[in-house]
Amino acid sequence: MATFLYRIGRWAFRRRRLVGGVWLGVLVLAVVAAAMAPAGEEEDLSMPGTESQKAFDLLDERFPQSNSQGAEARLVFQAPDGQRVTARENKAAVEDTLGSLDGGDQVASTTDPYETCAVSEDGTIAYSTITYTADAVDLTESTKSALEDAASQARDAGLTVEVGGSALDSEEEPGGTTEIIGVAVAAVVLVLALGSLVAAGLSLLTALVGVAIAFGLVSALAVPLGLTSTVAILALMLGLAVGIDYALFITSRFRDERARGSEPEEAAGRAVGTAGSAVVFAGATVFIALVGLGVVGIPELTKMGMGGAGAVALAVLVALTLVPALFGFFGNGVSPARAKPRAWGRVLSRAARKATRPGSERPHPVPAAAGRPGLGIRWARFVLRRPVTVLLIAGLGLGAVALPALSLELGLPGDESKSVETTQRRAYDLLSEGFGPGFNGPLTVVVDTSESGDTRATTDLVVKTIRGVDGVASVGDPVLNRTKDTAVLTAVPRTAPNTGETKDLVHAIRGAVSGVEADTGAGILVTGTTAMNIDISEAMSDALIPYLTVVIGLAVLLLTVVFRSVLVPVKAALGFLLSVGAAFGVLVAVFQWGWAADLIGIEQTGPVMSLMPILIIGIVFGLAMDYEVFLLTRMREAHVHGASYDEAIVGGFRHSGRVVAAAAIIMISVFAGFIGMSSPTIQTMGVGLAAAVAFDAFVVRMAIAPAVLALLGDRAWWLPRILNRVLPTVDIEGEKLSTRVPAPATVPDTVAPRLPVGRHRH
């Protein structure tokens, strides 16, 4: 693979105008397609096979006219202190407000709270439901303005008015202040890591090109494929993070090759052949993990996985082709031509050639740098001196951070998770105050009597049974469809939607009506948004361990092939578990317990978004393998060339430590930049991914990994003979380039004689 990618790198360098023109054309087409495409719809989560989804499908079949309606808005009115909303002047204000909406553009109907019994028992709060002919994303600005003007009209009359419902839902738009700050931090880190404005700008530019294409394609395909704004934002988040990192790795290797004396074209080929091989492997692991999300069975999760996987694939293609093409345009700006070797550099060159003559001792790479060693080398030497101490501190520390994950609760956020500054949240609170906490999460019970003899008697028995279940506040009158073979009724819990009591109530109702099903032959299904959220959360919990097992198994298999070792992959998988567990602990502490919630704008704690654990596992798996590959590739490269285990560890940190640290900081900055968005889904994703990358890169890969390798010594690279014969050879390190492509004849003037490091085991 390294030789093939080497040719691609040189070809892209030579054909830079062609490559640049092609990518520019693709970018323009993607932007134009996105601009011309209609906006996608924000679809509700669904999960085929669950009882809730079966009930929704039955409702679509038996009540087609009810399920063809568009968005809804709920106007909630509260009378002034000491007054009732049923008072004459307040009632007149409510009726005038609703009258201003009747007959408006896209308004299908409005309900009168005084006729539909939508007034609280104490008479202080009432609500009206406004139904529209279009979905939320298709509502015009004039329609939304009319709704806001109606609310203002009632406020002018002295009432407190808040607006809830789906009519105010809108797509989450990226580009806020926090995202810009994240990109700015990434740019600064690039400059510091590469030491060149041109090199940093090149890496950032190529990442932005890939992200713009991915975002444009997702936006253009939103309607045909049913992609939501969350899919687009995930593609933007992942594409930006990995795009910058992949460009950084290849650019850094290009600069190394130039420093060794390679000509620009040769350096571009070697950079793509070596660092590009690791990029391909790392990108493939992220791609496979994200595509694998489709096995869970949730369409929205599948779309998120596919969107993210597409963005990662684009980032890999850009890094392998556009990055070396830009080297052709700005080669000397990215890395100046090698300076003439100093006198002592020439001495070292002769020493290096002498060390590789036949009969001499086995050649060692020269890991130490002239002058004061860098931070990476000093850290590696520290770990080599105290591997047990480092391992215990890092492992126990991550274990402590992961402890809150034992209390992980999954759910789906609603209006209750929004800021109290929003009218949706205030409407939610008013309805809870006036009609009870369960009013915002009613349960819909569908009774299929097509196989039952007496529809009315069966329905009455269902109503009586549900009213007898502890925890049910009220049960509405059943509504029959036109053919009289299906009834729908609403049961209101006494508790809020996301509480454990409501979850238990759903199971209790399903258990209670099972006896009615057996006696009457009717089919009884419990659904509604609350029941659907419960079913999805339970399905996510059930799928978590199997998915984690598959991901870990894949990691062990791939790393065994790449590093031709048994213990290194096992160490990588266990480290991945530690970083993911610690990330889950952070999510529980922040979103359930409220620790530091004010710092990121979370005003209401609750269950963790049910899709997050599996989504984070899929993403972090690939990203963790990124750092594992880039750091250990240089270590194994040194090992196979004869270096002892301690020299290999120090050499890996000398070559890749700074670049991996910079890549991790960039990725953390990008993910953290999305925490400021108002969507709970995006906030949770930003916190979880930023924490997971921080733990995995700086604790697992840079502390635990070298400590374990130091303790294992040369045994770390042991592979049974049978596996050595069976496993394919993947040339990640670019060993074949050493035989097929002549290396530069000189040794860089930045290299000093090898110094002894720690203990040696031969």
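All values reported here derive from a predicted model rather than from experimental measurement. Values below: every heavy atom of this structure, side chains too, minus hydrogens, waters and symmetry copies.
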Mark yes when over 12 heavy atoms from residues, nucleotides or ligands other than Ile722 sit less than 6.0 Å from its CD1; otherwise mark no. no
Could you check if a side-chain atom of Pro706 sits within less than 4.5 angstrom of a side-chain atom of Leu384, using non-hydrogen atoms only? no
Are Val323 and Phe254 side-chain neighbours, meaning at least one heavy-atom pair lies under 4.5 Å? no
How about Ile616 and Leu689: do any of their side-chain heavy atoms sit closer than 4.5 Å? yes
So Leu320 and Val280, side-chain contact (heavy atoms from CB on, under 4.5 Å) or not? Walk me through it. CA-CA 9 Å; Leu320 297 180; Val280 169; 3.6 Å; yes
Value rounded to 0.5 Å, distance of CE in Met635 from CG in Leu709: 6.0 Å
If only side-chain N and O atoms count, and only distance matters, is there a donor-acceptor pair under 3.5 Å linking Thr321 with Trp23? yes
In a check of side chain to side chain contact (heavy atoms under 4.5 Å, CB included) between Ile666 and each of Leu204, Val693, Ile244, which one passes? Ile244
For the pair Arg260 and Glu257, find out whether any cationic side-chain nitrogen is under 4.0 Å from an anionic carboxylate oxygen. yes
Within the distance-only criterion (no hydrogens, no angle test), does the side chain of Thr549 pair as donor or acceptor with the backbone N or O of Ile545 below 3.5 angstrom? yes
Heavy-atom check, side chain of Asp696 versus side chain of Val580, under 4.5 Å: no
Do Phe327 and Phe13 have their ring centres less than 6.0 Å from each other? no
Within the structure provided, determine whether Arg10 and Glu266 are in side-chain contact (heavy-atom separation under 4.5 Å). yes
